[in-house]
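Let me begin by presenting the structure, written as structure tokens, before commenting on it.
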Amino acid sequence: KLVAKHAIDVEQRIHIHGPAPHDRILQAFLKAKIGLFSSRYEGCPIAGEEALCLGCSLVGPPDVPSMQDLCAPHFGTLPQSRRPGDTAQALNSEIQLWSSGKRQPSFIATSARHIFSARSICTDILQVYTDGSAELKTGL
């Protein structure tokens, strides 16, 4: 219904996925620039971390606490509220950042992998357990 309200060129660029196999999600993120998350009850969207590690930026709901970490500071845009107009404005801001060259997939992917990759998280956890004084760099 959302896509049907827009011009044909928008229909060709926006794909709304329901539940999908992991390999299909991977292929979508490899082609995408922006991941849009609309979940109401999400602890931490692992798919968002995966999208970041592949160089996508994110737009997600401001009232899901983990989205604040996943979108800040150079990973995406949070809408002011869940209102459709605010979400559309945040998505438009991301589109403009990509169009102007201010979003760089290699920077996003490298930075995100440093924070969210399984290796980084395991290294963080082991460091906390071995020296006891380090803080997790993710802050989550």
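Note that the coordinates shown come from a computational prediction; the quantities given were computed from them, not determined experimentally.
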Applied to residues 94-103, the side-chain hydrogen bond (donor to acceptor under 3.5 Å, both in side chains) test, sequence neighbours excluded, yields Ser57-Glu94, Ser57-Trp98, Thr77-Glu94, Glu94-Arg103
- Query: Considering only heavy atoms from C-beta outward, does the side chain of Phe75 approach that of Leu52 to under 4.5 Å?
  - Reply: yes
Fill in: Donor-acceptor contact below 3.5 Å, side chain Thr130 vs main chain Gln127
yes
CG of Asn92 to CG of Leu97, rounded to nearest 0.5 Å, is 9.5 Å
CD1 of Ile108 to NE2 of His74, rounded to nearest 0.5 Å, is 10.5 Å
Are the side chains of Tyr129 and Asp124 in contact, using a 4.5 Å heavy-atom criterion?
no
Rounding to 0.5 Å, atoms CG (Leu58) and CG (Leu91) come to a distance of 11.5 Å
Report task. Find out whether Val59 and Ile34 are in side-chain contact, i.e. whether some heavy atom of one side chain is under 4.5 Å from a heavy atom of the other. Result -> yes
CZ (Phe29) and SG (Cys53) are apart, to the nearest 0.5 Å, by 11.0 Å
Residue set satisfying salt bridge (charged side-chain N to carboxylate O under 4.0 Å, His left out) with Arg83, at least two apart, ordered chain then number -> Asp86
Would you confirm whether Glu49, through its side chain, and Ser117, through its main-chain N or O, come within 3.5 Å as a donor-acceptor pair? no
Look at the side chain of Thr123 and the backbone N and O of Arg119, then say whether any donor-acceptor pair between them is shorter than 3.5 Å. yes
Contacts of Pro61 meeting side chain to side chain contact (heavy atoms under 4.5 Å, CB included) (sequence neighbours excluded), chain-then-number -> Phe37, Asp63, Val64, Met67, Arg82
